[in-house]
Structure formats: C-alpha cells, structure tokens
Amino acid sequence: MPSFATSPGTRDILAPDSARWRRFQQVFADVVETAGFGHIIPPMFEDLGVFLRVGESTEIVTKEMYDFEDKGGRRVALRPEQTASVCRAFVEHRPVTPWKVWYAGPNFRYEKPQQGRYRQFDQVGVEVLGVDDPQLDAEVIALGMEFYRRLGLTKVRLSLNSLGDSGDRDRYASALRTHFSSNIDALSAESRATLERNPLRVLDSKRAEDAQLIAASPRMADHLSPAAEEHFLQVQTSLRAAGVTFHVDDRLVRGLDYYRRTTFEFVSESLTAAHTAIGGGGRYDGLVADLGGPDTPGIGFALGLDRTLLACDAEGVFGAPQSRVDVFVVDATGGSEAGVICTELRTVGIGADRAYERRSMKAQMKSADRSGAPVCIIVGDDERNANTAILRTMEGGSQHIVQRDDLVAQVRRALGR
RNA sequence: GUGGGCGUAGCUCAGUUGGCUAGAGCGCCAGGUUGUGGUCCUGGAGGUCGCGGGUUCGAGCCCCGUCGUCCACCCCA
C-alpha cells in the first residue's frame with residue numbers, strides 16, 4: 001500500500017496521455033496565434049477579490065474556492081477560472097486595445113469529482129478586451145469551432161443566446177422570479193433554492209418536474225433592449241457569413257454572473273454523460289470596470305481540456321501520439337560503448353536509448369523491442385575490437401555490419417533521413 | 001453538499017452458504033537459446049484482501065465506522 005496518493009480530484013497525467021495534452025495545447029496555440037492572439041500566463045493564485053467578481057450567486061465563488069491566507073496575511077485564492085485574471089491583468093497593464101490573448105493551464109475548484117470534473121482541471125481559452133463589434137463575437141466563436149475541427153471533432157453543436165445588457169438581464173431575472181414564485185408549488189425543491197440565488201439558472205434545471213414550468217416561463221428574447229437585440233442579430237448574421245452553423249437557445253444561461261449579451265456553449269453530441277458542454281463563453285462587458293478599470297467591453301471562451309478529450313475519445317479522433325526513440329543501442333561489452341554511441345546519435349538529433357546494469361543481450365533486445373525504436377545497434381566484443389557495429393532493422397530482423405566511423409551516417413540512412 | 005455502486009498482485013478481475021498455505025490472465029524478471037527482440041515452453045518475484053474496530057472456534061466474505069474511487073444529483077468546463 002503506498003503511503004501517499006494524489007489528493008481527491010487531482011491526478012498524474014502520464015505518457016502517452018501527457019503527450020496528447022501537450023499536442024492539444026499546441027494545436028490550440030497554432031489556431032489562435034494565427035488569428036493574432038498573444039499568449040498570457042496569469043498566476044495560479046490571486047487576491048481573493050479578483051474572483052469574487054465572477055459572481056456571488058455562483059457556487060464557484062460561494063463554496064468551491066480554494067482560498068487561504070498566506071504567511072503575509074493576504075487573502076488569496078487558487079484561480080477557479082482565468083477570465084477574471086485576464087481582466088485584472090488588463091487593468092494592471094493597460095495594454096492597447098483590442099487586446100487579444102489566449103491561455104492554457106489549470107484551474108481549481110473544490111467540487112466533488114466525477115466524470116469529466118476534477119478539482120484541478122485544465123482549460124484553454126481566449127479573451128478580447130476593448131472591442132464592442134458583433135463581428136468580433138462571431139470571429140471568437142468561429143475560432144472555437146475551428147479548433148474543434150482541427151482536433152478532428154465533427155459532432156460539436158453551437159448553442160447561442162443573448163442575455164441582453166445588464167439592465168435587460170436584471171429585468172428578465174425579476175420577470176423569471178415573479179413567474180416561478182407565483183408557481184412555487186410546482187417547482188422542485190432544488191430549483192426553489194436556485195431561484196433564491198439566481199433565477200436565470202432555474203432554466204438550466206434538468207429535473208422533469210420543472211420542465212413544464214420552464215417551458216411556460218418568460219422568454220429572454222422579449223426582454224432585450226433594441227440595442228442588445230440588434231447586436232445579437234448582427235452576431236448571427238456574421239456567423240452565417242462565416243459558415244458557422246448554430247442554433248439559438250434562449251434557455252441557455254451561463255453560470256457566471258458577469259456574462260452580458262452574447263453567450264454561447266459548445267456541446268458535444270457524442271457524449272452521453274451529464275457533461276456534454278465541452279466549452280463556453282460570452283461577453284462580460286462590465287467585468288473590467290468591476291475590477292477598477294475603465295469601462296471596457298470583453299468577450300472570450302474557455303474550453304475544458306478533459307471534456308474535449310472525452311469527446312475526442314467518443315469520436316475516435318485525436319488519439320495519444322506514441323513517443324519512441326529512433327534507435328536502441330544494445331551493448332554486450334559492459335555498457336560504455338552504448339553510452340558513447342547514444343551521445344553521438346543524440347548530438348545530431350537522433351533519438352537514442354539503451355539498457356543498463358549489464359543485462360543479458362536477450363534482455364537488452366527485449367528492451368529494444370519495447371522501446372519501439374525501428375532500428376537497433378548491437379555492439380559486442382568482436383565488434384568493438386574490429387571497430388564495427390551491427391545495425392539491425394527491428395521489423396523483419398535483417399542486420400548488417402557497419403564501420404564504427406560510418407555508424408551515424410548508416411543509422412541516418414536506415415531511418416530514411 | 002446529497003444519494004448509490006465498488007475497493008483482492010503493477011494492470012484487469014475470480015474467490016461458492018464464513019472453513020486448508022488467497023487464485024487466474026496480462027505485465028515484470030530469469031532460464032530454455034554461452035551473441036539477438038516479437039511466437040512458444042518452464043520457473044520465479046510480487047498481497048498487511050484500502051484502513052480501524054466488532055461478531056465468530058474461524059472473516060477477503062457478515063456488522064459498524066473511516067478513507068479512497070466511480071456514477072448520478074447539485075454545480076459547472
């Protein structure tokens with residue numbers, strides 16, 4: 001029994017999965033940097049106040065924050081998401097707008113772990129600050145869809161909605177409160193609790209007993225100001241122009257309090273578990289101001305790495321790449337030859353590995369086989385004395401003797417380089 | 001935070017109504033093959049049966065607690 005294991009909701013990502021993660025982030029970086037986004041690496045913990053702006057009605061803030069007092073008496077928290085950090089960075093550095101950034105990294109929420117939900121979970125995302133153009137909304141959304149396409153995912157649906165500006169949102173919230181309150185008996189106990197915190201989120205209830213009341217509830221579309229409605233329509237127009245298919249879901253309410261106007265969610269149709277939302281985002285026009293900056297519009301999205309990979313598994317795409325060395329060196333003379341040869345090969349960029357502890361040739365050959373190297377080099381006393389080496393092609397098992405001086409060149413040839 | 005399933009070898013799992021020294025497959029190590037992997041054969045190492053208590057002549061099995069894990073709810077990515 002090991003004395004220690006990972007804490008609940010955390011885990012080690014081992015090879016080859018770790019290589020898959022790395023590639024995932026690399027593909028994302030390629031997509032968004034091509035679109036002019038710069039990389040930002042915010043700290044993993046910040047002043048607690050930064051994250052309180054995410055929303056006092058959300059459990060992310062009220063119950064799930066990893067917050068603590070540091071040795072200097074500062075109240076800090078591990079970031080539960082990165083949008084607030086990006087906005088704080090914007091206020092701190094005042095970059096020229098539009099400020100387009102992307103990020104990748106872990107976030108922390110104290111939740112009960114389950115499928116696709118961890119206490120430390122990775123997201124990739126983008127944020128754009130300082131632009132109020134609906135064409136940008138469409139471009140950001142299209143970027144997300146393009147990323148999924150690059151992964152090979154085909155069954156990702158885009159849900160779109162507008163929550164209106166903050167006045168609209170507040171009026172809609174009170175209309176919902178009135179609606180649900182006057183039919184409180186028909187509402188599930190859980191949804192009654194949700195109603196207290198945030199009426200919008202009642203629309204998210206998946207409980208069957210709530211379905212009827214939700215269907216009869218007021219529509220967001222009826223509460224949009226003319227300006228917000230115009231913005232929403234232009235977003236849709238731009239999306240169509242970009243060839244992005246979507247469907248308007250006016251029951252789509254996002255979890256965080258700061259969302260205004262455009263909201264969207266990427267839903268995998270290949271996932272059957274509860275967590276079909278593999279990414280989401282929207283506008284958060286008041287957030288920068290909330291953090292003490294100038295009135296600045298913002299929009300962005302975050303994609304869950306685990307869930308997206310789950311969707312990849314379900315669609316059978318973007319598998320874990322197998323990593324292997326090019327050459328495995330078998331040394332029957334004691335091991336020092338293997339050391340020299342490996343160094344020679346690695347110096348010129350050829351991946352090489354070897355065995356240790358003077359293991360038998362048979363054991364070394366097994367290791368060579370396991371390493372996946374297409375080529376192996378064998379050196380015994382005879383070869384060493386004759387200044388030669390054996391070059392063996394693992395698949396098929398043909399081999400021939402080469403001059404020691406010519407070894408690297410011969411390996412290159414065998415590898416087809 | 002609520003509810004349910006499951007914790008036996010590195011991994012996947014058997015283990016009967018409680019009853020010999022707790023098993024299999026895969027993996028690992030060694031030998032068969034005194035210089036050669038993948039197939040095959042033989043052997044070996046590896047377990048405080050998650051942990052703590054209880055019931056019993058006797059507990060992997062039953063009871064209580066606890067921790068972990070998985071799933072669902074909640075919440076959300």
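Chain identifiers are assigned alphabetically (A, B, ...) following the order of the sequence lines, protein sequences preceding nucleic acid strands; residue numbering begins at 1 within each chain. Computed from heavy atoms alone, side chains included, the values below leave out hydrogens, waters and symmetry copies.
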Colleague: Report the distance from atom CG of Asn107(A) to atom P of rA77(B), rounded to the nearest whole Å.
Modeller: 10 Å
Colleague: Provide the closest heavy-atom pair for Ser367(A) versus Arg359(A) in the form atom of the first, atom of the second, distance.
Modeller: OG-NH2, 3.7 Å
Colleague: Could you give the CZ-to-P distance, from Phe264(A) to rA77(B), as a whole number of Å?
Modeller: 11 Å
Colleague: Between Asp137(A) and His231(A), is the side-chain hydrogen bond (donor to acceptor under 3.5 Å, both in side chains) condition met? List the steps.
Modeller: CA-CA 10 Å; Asp137(A) 299 36; His231(A) 183 95; 2.9 Å; yes
Colleague: Answer yes or no: side-chain N or O of Asp369(A) and base N or O of rG37(B) forming a donor-acceptor pair under 3.5 Å.
Modeller: yes
Colleague: Distance check needed: rC76(B) P versus Arg119(A) CZ, whole Å only.
Modeller: 17 Å
Colleague: Please report the closest heavy-atom contact between Met394(A) and Ala373(A), naming both atoms and the distance.
Modeller: CG-O, 3.4 Å
Colleague: With ring pair (Phe, Tyr, Trp, His ring centres under 6.0 Å) as the test, would you mind laying out the steps for Phe68(A) and Tyr66(A) before giving the verdict?
Modeller: CA-CA 7 Å; Phe68(A) 57 96; Tyr66(A) 269 98; 8.9 Å; no
Colleague: Is there a donor on the side chain of Arg109(A) or the base of rC75(B) sitting less than 3.5 Å from an acceptor on the other?
Modeller: no
Colleague: Applying salt bridge (charged side-chain N to carboxylate O under 4.0 Å, His left out), can you list everything that pairs with Asp313(A), at least two apart in sequence or on another chain?
Modeller: Arg20(A)
Colleague: Within 45 degrees of the axis of the six-membered ring of Tyr258(A) and under 6.0 Å from its centre: does Arg53(A) put its NZ or CZ there?
Modeller: no
Colleague: According to the interplanar angle, ranging from 0 to 90°, do the rings of Phe90(A) and Trp99(A) count as parallel (below 30°), tilted (30 to 60°) or perpendicular (above 60°)?
Modeller: tilted
Colleague: Paired with rG7(B): which nucleotide, if any, by Watson-Crick or G-U wobble criteria at under 3.5 Å for both distances?
Modeller: rC67(B)
Colleague: Should Gln115(A) be listed as having a side-chain N or O under 4.0 Å from OP1 or OP2 of rC71(B)?
Modeller: yes
Colleague: Whole angstroms only, please: what is the OH-C1' distance between Tyr258(A) and rC76(B)?
Modeller: 12 Å
Colleague: Would you classify Gly397(A) as touching base, sugar-phosphate or nothing, given that sugar-phosphate means primed atoms plus P, OP1 and OP2, and contacts are heavy atoms under 4.0 Å?
Modeller: base
Colleague: Categorize Leu303(A) for me: base, sugar-phosphate, or nothing, with a 4.0 angstrom heavy-atom threshold over every strand shown.
Modeller: nothing
Colleague: What's the closest nucleotide to the Arg392(A) side chain, out of rC75(B), rG37(B), rU69(B)?
Modeller: rG37(B)
Colleague: Can you see if the side chain of Gln114(A) gets near the phosphate of rA72(B) - specifically, an N or O under 4.0 Å from OP1 or OP2?
Modeller: yes
Colleague: Rounding to the closest angstrom, what is the interatomic distance between rA22(B) and rU16(B) at atom P?
Modeller: 15 Å
Colleague: Over how many whole Å does the gap from Phe4(A) atom CZ to rC51(B) atom P extend?
Modeller: 17 Å
Colleague: Could you tell me whether the side chain of Gln399(A) has a donor or acceptor atom within less than 3.5 Å of a complementary atom in the base of rG37(B)?
Modeller: no
Colleague: Identify the nucleotide, in any strand shown, that forms a Watson-Crick or G-U wobble pair with rG38(B), with both distances under 3.5 Å; if there is none, say none.
Modeller: none
Colleague: rC13(B) pairs with which nucleotide, Watson-Crick or G-U wobble, both distances below 3.5 Å?
Modeller: rG23(B)
Colleague: rG58(B) and rC13(B): how far apart are their C1' atoms, nearest whole angstrom?
Modeller: 27 Å
Colleague: Send over the distance from Leu200(A) CG to rC76(B) C1', rounded to a whole Å.
Modeller: 16 Å
Colleague: Classify the side chain of Arg117(A) versus the base of rC74(B) as yes if they form a donor-acceptor pair under 3.5 Å and no if they do not.
Modeller: yes
Colleague: What pairs of nitrogen or oxygen atoms, one from the protein and one from nucleotides 26-28 of chain B, lie under 3.5 Å apart?
Modeller:
residue : atom : partner   : partner atom : Å
rC28(B) : OP1  : Arg370(A) : NH1          : 2.4

Colleague: Taking the C1' atom in each of rC26(B) and rU36(B), what is the distance between them to the nearest angstrom?
Modeller: 25 Å
Colleague: To the side chain of Met394(A), which of rA77(B), rG37(B), rG35(B) is closest?
Modeller: rG37(B)
Colleague: Which base, if any, makes a Watson-Crick or G-U wobble pair with rC62(B), both distances under 3.5 Å?
Modeller: rG54(B)
Colleague: Say you pick atom P in rA45(B) and the same atom in rC40(B); how far apart are they, in whole Å?
Modeller: 23 Å
Colleague: Using a 4.5 Å cut-off on heavy atoms from C-beta on, say whether the side chain of Leu151(A) contacts that of Cys312(A).
Modeller: yes
Colleague: Considering only the P atoms, how many Å lie between rU66(B) and rU2(B), rounded to the nearest integer?
Modeller: 12 Å
Colleague: State the pairing partner of rG43(B); accept Watson-Crick or G-U wobble contacts with both distances under 3.5 Å, and report none otherwise.
Modeller: rC29(B)
Colleague: Which comes earlier along RNA chain B counting from the 5' end, the contact point of Lys362(A) or that of Glu265(A), where each point is its nearest nucleotide?
Modeller: Lys362(A)
Colleague: Please determine, for the side chain of Asp382(A), which listed nucleotide (rC75(B), rG35(B), rC76(B)) has the closest atom?
Modeller: rG35(B)
Colleague: Hey, does Tyr118(A) reach any base, or is it just sugar-phosphate, or nothing, if we go heavy atoms under 4.0 Å?
Modeller: base
Colleague: Return yes if some donor-acceptor pair links the side-chain N/O of Arg79(A) with the main-chain N/O of Pro106(A) below 3.5 Å, else return no.
Modeller: yes
Colleague: Determine the interatomic distance between P on rC51(B) and the same-named atom on rG1(B); round to the nearest Å.
Modeller: 25 Å
Colleague: Between Met365(A) and Phe121(A), which residue's closest nucleotide on RNA chain B lies nearer the 5′ terminus?
Modeller: Met365(A)
Colleague: Over how many whole Å does the gap from Glu64(A) atom CD to rA77(B) atom P extend?
Modeller: 10 Å
Colleague: Where the side chain of Arg109(A) meets the backbone of Pro80(A), is there a donor-acceptor pair that is under 3.5 Å apart?
Modeller: yes
Colleague: Using purine N1 to pyrimidine N3 plus N6-O4 or O6-N4 for Watson-Crick, or N1-O2 and O6-N3 for G-U wobble, both under 3.5 Å, which nucleotide pairs with rC73(B)?
Modeller: rG1(B)
Colleague: Taking rC73(B) as the reference, what is the distance to rA14(B) when you measure between their P atoms (whole Å, please)?
Modeller: 26 Å
Colleague: Ile390(A) side chain: which of rG68(B), rU36(B), rA77(B) is closest?
Modeller: rU36(B)
Colleague: Whole Å only: how far is the CG atom of Asp331(A) from the C1' atom of rG35(B)?
Modeller: 12 Å
Colleague: Any carboxylate oxygen within less than 4.0 angstrom of a Lys/Arg side-chain nitrogen, looking at Arg75(A) and Asp67(A)?
Modeller: yes
Colleague: What's Lys112(A) touching, base or sugar-phosphate or nothing? Going by heavy atoms closer than 4.0 Å.
Modeller: base
Colleague: For rU8(B) and rG46(B), measure between their C1' atoms and round to the nearest Å.
Modeller: 14 Å
